[in-house]
Protein chains: 2
Amino acid sequence: MSVLQRNHLMIIQEVAREGSLTAAGARLNLTQPALSHAVRKIEMQLGVKIWRREGRSLILTQAGQWLLSLANRLLPQFSLAEERLEQFANGERGTLRIGMECHPCYQWLLNVVSPYLERWPKVDVDVRQKFQFGGIGAILSNEIDILVTPDPLYKPGLNFTPVFDYELVLVVGSGHRLYGVDRVTPEQLADETLITYPVPSERLDIYTQFLQPAGIAPRQQKQIETTDIMLVMVAHGRGVAALPRWLVDEYAPRFDLHSVRLGETGIAKQIFLGRRETDADVQYLTDFIGFAADPKD
Amino acid sequence: MSVLQRNHLMIIQEVAREGSLTAAGARLNLTQPALSHAVRKIEMQLGVKIWRREGRSLILTQAGQWLLSLANRLLPQFSLAEERLEQFANGERGTLRIGMECHPCYQWLLNVVSPYLERWPKVDVDVRQKFQFGGIGAILSNEIDILVTPDPLYKPGLNFTPVFDYELVLVVGSGHRLYGVDRVTPEQLADETLITYPVPSERLDIYTQFLQPAGIAPRQQKQIETTDIMLVMVAHGRGVAALPRWLVDEYAPRFDLHSVRLGETGIAKQIFLGRRETDADVQYLTDFIGFAADPKD
DNA sequence: TTATAATGATGAATATAAATGATATTTTTT
DNA sequence: AAAAAATATCATTTATATTCATCATTATAA
């Protein structure tokens with residue numbers, strides 16, 4: 001079927017470069033008879049004269065010259081491919097597909113990804129946020145490689161690592177009646193407008209861990225995609241929101257915001273990174289978790 | 001050394017397309033065990049996981065996907081190369097390098113080359129006119145494939161075919177004193193200005209076969225490269241020239257020229273095409289000589 | 001020119017790699 | 001649970017490459 005092989009191109013190229021079978025053989029780690037046979041067989045199989053023998057030197061025919069230019073074009077691509085494969089093998093190259101099940105973590109993620117990209121110049125990072133069968137489904141079906149989530153679901157084949165703790169607090173703007181207050185009860189939110197990310201309320205801790213146990217619902221709920229806008233809204237008194245304390249602290253100097261503890265003890269949260277156990281030996285993946293657990297900046 | 005082979009790419013591509021080893025095997029004319037082995041060996045040699053086994057189907061890993069895109073890029077080039085080689089083998093493709101040792105023949109050559117290019121769409125024609133070691137040297141050293149010459153030099157390894165006969169005549173313009181004359185003697189040219197191509201006089205038949213035998217030299221000699229200009233000069237009475245009769249006939253309607261026989265019997269010439277005997281089986285080359293000997297237009 | 005060193009060609013022997021058939025194992029379907 | 005379909009594995013055969021030893025040819029130097 002297919003007769004033209006990579007070796008053939010290598011032989012054509014090397015013989016042309018060195019001008020002799022013996023020299024070309026040395027470079028290809030072959031003996032001279034091996035090349036002599038190979039050369040004959042190539043011509044036989046391709047059905048074309050590739051070399052003209054003048055004295056004891058081989059000179060390319062037209063077909064041979066054409067093949068040489070082909071070789072010069074294709075062979076570097078093979079070499080490059082092998083380099084790349086080695087990088088894949090060493091876990092130096094790949095795409096790290098991160099799935100996010102934690103909206104405010106986006107901010108935090110950026111701080112981890114930046115130094116990571118420096119460290120792994122050949123690794124690309126891709127962040128995804130929507131999964132048909134949930135984050136766990138996405139990681140099990142190989143849709144993503146790492147899952148950032150506050151809800152580890154211990155399943156065989158999966159592996160979760162806690163990367164940071166934070167407290168979920170209520171954010172209020174400067175003109176708000178709760179501004180300056182230390183802690184808040186569920187009842188105090190009954191008359192508020194609550195701003196949240198656009199996800200079902202059973203995935204929002206402010207509901208599951210604070211309001212619902214007390215049987216309270218806020219007067220109104222607004223859904224906003226991005227954290228920045230959400231905080232601008234809060235700063236201008238259009239509502240209150242539940243966010244990580246570190247996030248509020250980060251924005252406070254710009255927007256004049258205030259954090260209020262939710263209940264007596266506050267709501268403590270933890271973020272986990274999940275990955276497949278089969279990826280245990282993928283360097284760039286393991287290393288990402290290292291970066292996440294212990295940020296370098 | 002080099003592990004990534006064309007087969008490997010073919011297997012990766014075919015397995016990805018068919019989704020099963022059995023089906024891919026059928027398309028590659030291999031049995032299923034052969035592929036099963038091959039697949040394992042490829043991964044082993046490359047040192048990278050290329051497929052993930054889910055149930056009994058093989059799914060490409062990142063490295064595998066990368067290899068697949070490589071395969072899609074490189075494999076067509078191999079196929080194309082093999083097509084081209086077949087054309088080389090069948091003598092359908094190549095460059096026909098024609099060497100010219102006969103200035104006025106350029107006109108004639110164009111009439112042969114046009115239909116020839118139609119017939120052999122994949123053959124390129126290249127015409128050369130200057131050779132360091134003469135036309136014979138050029139053809140022997142593979143610098144050209146066909147030599148157009150009035151002087152066949154029978155050498156072992158070379159093969160000459162006469163392609164057309166013509167008479168070398170003297171051309172004069174309408175106001176010239178020889179206009180309308182039937183034949184001319186060498187003595188009658190002693191007072192003329194002779195226009196020739198810029199080559200040594202020993203390569204001009206008007207000298208070697210007409211003037212020198214009679215010990216005559218023209219009053220003046222002018223050298224001009226192109227036939228058109230030469231004839232314009234002749235038409236305007238700036239001199240006379242020795243050219244093939246058919247060439248003069250071709251220009252006569254435009255320039256009002258007259259041909260005069262050189263001597264009693266005229267100078268008969270013949271043009272030959274020379275080629276190497278080793279090229280006897282190169283179809284497109286043999287065919288060119290056919291076209292030249294028996295023009296189709 | 002002749003001797004000499006270097007190179008290519010050739011054939012038999014060997015080593016390596018690839019493909020096969022039979023069969024076991026796994027996964028999917030019913 | 002049984003049947004069907006696919007893959008994996010093994011021993012064997014077949015095909016392909018490589019080498020060694022040797023000869024023939026060609027270039028180089030004496």
Side-chain angles (χ1 to χ4, degrees), chain A residues 1-61 64 71 78 82 140-142 156-157 278, chain B residues 1-47 49-61 64 78 82 140-142 156-157 278:
Chain A
M1 290 305 96
S2 67
V3 287
L4 186 59
Q5 297 295 326
R6 182 183 180 186
N7 305 18
H8 299 167
L9 294 180
M10 292 179 74
I11 289 173
I12 288 167
Q13 190 181 56
E14 215 53 69
V15 170
R17 165 158 37 213
E18 296 292 329
S20 96
L21 290 189
T22 313
R27 284 179 59 95
L28 293 167
N29 295 316
L30 290 174
T31 56
Q32 173 269 316
L35 261 196
S36 181
H37 281 142
V39 154
R40 226 159 60 92
K41 189 157 193 183
I42 291 172
E43 286 192 323
M44 207 265 283
Q45 286 184 321
L46 298 182
V48 198
K49 279 260 158 298
I50 296 177
W51 293 276
R52 205 157 19 84
R53 281 138 237 263
E54 281 192 4
R56 67 189 181 199
S57 57
L58 295 179
I59 297 181
L60 289 172
T61 61
F78 274 98
E82 281 174 350
L140 284 174
S141 69
N142 259 276
T278 52
Chain B
M1 291 300 98
S2 67
V3 287
L4 186 59
Q5 297 294 326
R6 182 183 179 186
N7 310 14
H8 300 166
L9 295 181
M10 292 179 73
I11 289 173
I12 288 167
Q13 189 181 58
E14 214 54 68
V15 169
R17 166 158 36 214
E18 296 292 328
S20 96
L21 290 189
T22 314
R27 283 179 59 95
L28 293 167
N29 296 314
L30 289 175
T31 56
Q32 172 270 317
L35 261 196
S36 183
H37 278 142
V39 154
R40 228 159 58 91
K41 189 156 192 182
I42 291 172
E43 286 193 323
M44 205 265 283
Q45 286 185 319
L46 298 183
K49 279 261 157 294
I50 297 176
W51 292 275
R52 206 157 18 85
R53 280 138 239 263
E54 282 194 4
R56 67 191 182 197
S57 57
L58 295 178
I59 296 181
L60 288 172
T61 61
F78 274 98
E82 282 174 349
L140 284 174
S141 69
N142 259 277
T278 52

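The chains referred to below are lettered A, B, ... by the order of the sequence lines, with proteins before strands, and numbering in each begins at 1. Worth saying up front: this structure is predicted, and the values here are computed from it rather than measured.
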**Complete:** When rounded to whole Å, the CG to P distance for the pair B/Leu21 and D/dT9 reads 12 Å
**Message:** Using the side chain to side chain donor-acceptor pair (under 3.5 Å) criterion, which residues pair with A/Arg56? Sequence neighbours excluded.
**Reply:** none
**Request:** Return yes if some donor-acceptor pair links the side-chain N/O of A/Glu43 with the main-chain N/O of A/Ile50 below 3.5 Å, else return no.
**Result:** yes
**Item:** Residues that B/Gln13 engages under side chain to side chain donor-acceptor pair (under 3.5 Å), provided they are two or more places apart
**Value:** B/Asn72
**Asked** How long is the line joining CZ of B/Arg40 and C1' of C/dA18, in whole Å?
**Response** 14 Å
**Prompt:** Atom OG of A/Ser36 and atom CG of A/Leu30: how far apart are they, to the nearest 0.5 Å?
**Reply:** 12.0 Å
**Message:** Just verifying a value: how many Å separate A/Lys49 NZ and A/Thr61 OG1, rounded to the nearest 0.5 Å?
**Reply:** 9.0 Å
**Prompt:** Within this structure, what is the CG-to-P distance between A/Leu58 and C/dT7, rounded to whole angstrom?
**Reply:** 13 Å
**Message:** Quick one, B/Trp51 with B/Val15, criterion side-chain contact (heavy atoms from CB on, under 4.5 Å). Give me CA distance, side-chain angles, the key distance, then yes/no.
**Reply:** CA-CA 10 Å; B/Trp51 292 275; B/Val15 169; 3.9 Å; yes
**Request:** Verify side-chain contact (heavy atoms from CB on, under 4.5 Å) between B/Gln5 and B/Ile42, making sure each step is shown before the conclusion.
**Result:** CA-CA 9 Å; B/Gln5 297 294 326; B/Ile42 291 172; over 6 Å; no
**Request:** For A/Ser20, answer base if it contacts any base atom (sugar-phosphate contacts may also be present), sugar-phosphate if it contacts only those atoms, and nothing otherwise; contact means non-hydrogen atoms under 4.0 Å.
**Result:** sugar-phosphate
**Prompt:** Between the axis at one end of the helix from C/dT1-D/dA30 to C/dT30-D/dA1 and the axis at the other (five pairs apiece), what's the angle to 10 degrees?
**Reply:** 30°
**Prompt:** Residues in side chain to side chain donor-acceptor pair (under 3.5 Å) with B/Arg40, at least two apart?
**Reply:** none
**Fill in**
CG of A/Leu58 to CD1 of A/Ile12, rounded to nearest 0.5 Å, is 11.5 Å
**Complete:** A/Arg53 CZ to D/dT26 P, in whole Å, measures 13 Å
Below 3.5 Å between N/O atoms, which protein atoms pair up with nucleotides 24-30 of chain C? Just atom names and distances, please.
| unit_1 | atom_1 | unit_2 | atom_2 | d |
| --- | --- | --- | --- | --- |
| C/dT27 | O2 | B/Arg56 | NH1 | 2.9 |

**Message:** So, taking the atom named CG in A/Leu35 and the one named CD in A/Glu14, what distance separates them when rounded to the nearest 0.5 Å?
**Reply:** 9.5 Å
**Asked** Do you know the tightest heavy-atom contact between B/Met10 and A/Ser2?
**Response** SD-OG, 3.8 Å
**Request:** Spell out protein contact along nucleotides 13-22 of chain D as letters: B when the base is contacted, S when just the sugar-phosphate is, - when no protein heavy atom is under 4.0 Å; keep the 5' to 3' order.
**Result:** ---SSSBBB-
